[in-house]
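Note that this is a predicted model, so its numbers are computed, not measured. The chain is numbered in sequence order, starting from 1.
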Amino acid sequence: MELEKYQIDLGNLMAFDATHHFDSIPSSREELTKVCLEKGTELVQAIANALFALPATEDRDGTIVHFPQPTTKLPREKHFPKPKLPTKWELFAKMKGITKRKKGKRAFDEQTGTWKRTHGYDRVNDDKDIPIIEAKLSDEPGENPFSKRKDEKKKRIEKQEKNRLQNLKQAAKAGALPSHIQLAATAWPITGTRADVPTKSSKEELEKVAGMAATATASGGKFDRKLPGEKPLKHTGKHRKFLPVVEGKGMSSQEQEQTAKILEQLMTKSSNNILDVNKAVTMFNVKKERKRRMEKESQRSSPSKLKPKKSLKKPSKKH
């Protein structure tokens, strides 16, 4: 049978002919392509015959066939992902035997006497809900405790970000990150390290950074105050102009002009393939009427030949 002649793997929709071999190498590329297409057609026909030989069930959507499990192990396109490297905190917690506890999403807030979220907006022990902070013996006189809490929180966030970037750097070196994240992680600087800080910047780089900072405002640096001795930007760049959001006087006409301009651009691009018959006939009639009018005016302006009038004499009265 044809199905026994080929090795068919319906799980992967594949078919093989282990006994096939070339008796002689084809002399030309066209002949080789023809032989390969003929053999490929036979294999595809064998797969189709094997599919129709499977038991099928009828459904309102049509005929349903369940494929068998694949029997051929195909090679992977990419290598197996490397295990994720533990962070500094995970290594420290493992060394000290610290286990992670699952915390609830809500907790009781003693300041307000209500249940609130543990994280996010309107959370527990929010700095905005604390009206009074008790002074400690270690506090310096005249120091603002609220600004101190804010500075400490800012420092904690900076430290966490530094540790996160450091962990990503180490994972990128070990190759335990996806390719796109690994490419970005190698270019991330880490604050407080001299290895990633450039020793010297060129004049062009400084001008480029200064230009980017100057045009980073909403007006593109148009209404910013210039420093004494500041030179104008070389590459100001082009910004897209939009109509005002609030409709005012003359906005409708500007919108009509903008729409007409876009429509004209679209028509000119495809004008070679479009022929407006009505417009062509109208232009022809207008030109014809104009020519007739000009001929008529030229005839009027030319001197006309007047015929002599006959003089009529009135009969005289006899007294």
Side-chain angles (χ1 to χ4, degrees), residues 1-87 90 100 102 164-188 238 240 242 258-259 261-280:
M1 292 177 64
E2 186 180 4
L3 297 179
E4 298 176 356
K5 180 180 177 182
Y6 304 113
Q7 298 177 7
I8 299 176
D9 182 8
L10 288 180
N12 291 322
L13 291 177
M14 297 172 60
F16 309 95
D17 187 2
T19 61
H20 177 265
H21 62 278
F22 289 102
D23 297 332
S24 61
I25 300 175
S27 59
S28 62
R29 188 179 183 85
E30 289 77 9
E31 187 178 353
L32 177 62
T33 305
K34 183 180 179 181
V35 173
C36 292
L37 287 175
E38 290 177 356
K39 179 54 67 175
T41 305
E42 294 178 4
L43 293 175
V44 171
Q45 186 62 45
I47 294 174
N49 296 338
L51 286 175
F52 281 99
L54 291 174
T57 56
E58 293 294 334
D59 193 75
R60 63 180 182 179
D61 298 330
T63 306
I64 297 177
V65 177
H66 295 280
F67 285 6
Q69 292 294 329
T71 57
T72 306
K73 293 184 178 181
L74 300 176
R76 286 178 59 90
E77 182 183 358
K78 297 179 181 179
H79 60 79
F80 284 98
K82 295 183 179 180
K84 186 179 178 181
L85 294 179
T87 60
E90 291 174 352
K100 187 177 180 180
K102 187 176 181 181
R164 186 180 72 85
L165 294 177
Q166 185 67 38
N167 292 329
L168 285 174
K169 280 274 189 179
Q170 293 179 359
K173 289 180 180 178
L177 287 177
S179 58
H180 60 284
I181 300 179
Q182 187 170 354
L183 181 63
T186 53
W188 286 336
K238 294 182 180 180
R240 296 178 62 186
F242 300 93
Q258 190 178 26
T259 307
K261 187 178 180 181
I262 295 172
L263 183 60
E264 186 180 355
Q265 290 178 356
L266 293 175
M267 292 294 292
T268 51
K269 285 183 180 179
S270 58
S271 60
N272 296 329
N273 301 327
I274 297 176
L275 176 61
D276 193 347
V277 180
N278 296 330
K279 186 176 180 180

Seminar exercise, completed: Of all heavy-atom pairs linking Pro55 and Val65, the shortest is O-CG1, 4.2 Å
For this session: To the nearest 0.5 angstrom, please state how far the CG atom of Leu85 sits from the CG atom of Leu168.
Result: 10.5 Å
Problem set entry | Gap between atom CG of Leu10 and atom CD of Gln69 - 0.5 Å precision | 12.0 Å
Exercise. Do the side chains of Leu74 and Met14 get nearer than 4.5 Å, heavy atoms only?
Worked result: yes
For this session: Tell me yes or no: between the side chains of Thr72 and Asn12, is some donor less than 3.5 Å from an acceptor?
Result: no
Seminar exercise, completed: Rounded to the nearest 0.5 Å, the CD atom of Glu42 sits from the NE2 atom of His20 at a distance of 8.0 Å
For this session: Give the minimum heavy-atom separation between Leu54 and Pro68, together with the two atoms involved.
Result: CD1-CD, 4.3 Å
Exercise. Is a salt bridge present between Glu31 and Lys34, judged by a nitrogen-to-oxygen distance below 4.0 Å?
Worked result: no
Exercise. To the nearest 0.5 Å, what is the distance between CD (Gln45) and OH (Tyr6)?
Worked result: 10.0 Å
Problem set entry | Contact summary for Ala46 and Ile8, nearest pair of heavy atoms | O-CD1, 3.7 Å
For this session: With rounding to the nearest 0.5 Å, note down the distance linking OG1 in Thr87 to CD in Gln170.
Result: 9.5 Å
For this session: First locate atom OG1 of Thr33, then atom CZ of Arg29, and finally report the distance between them rounded to the nearest 0.5 Å.
Result: 6.0 Å
For this session: Compare all side-chain heavy atoms of Phe16 with those of Leu43 and state whether any distance is below 4.5 angstrom.
Result: no
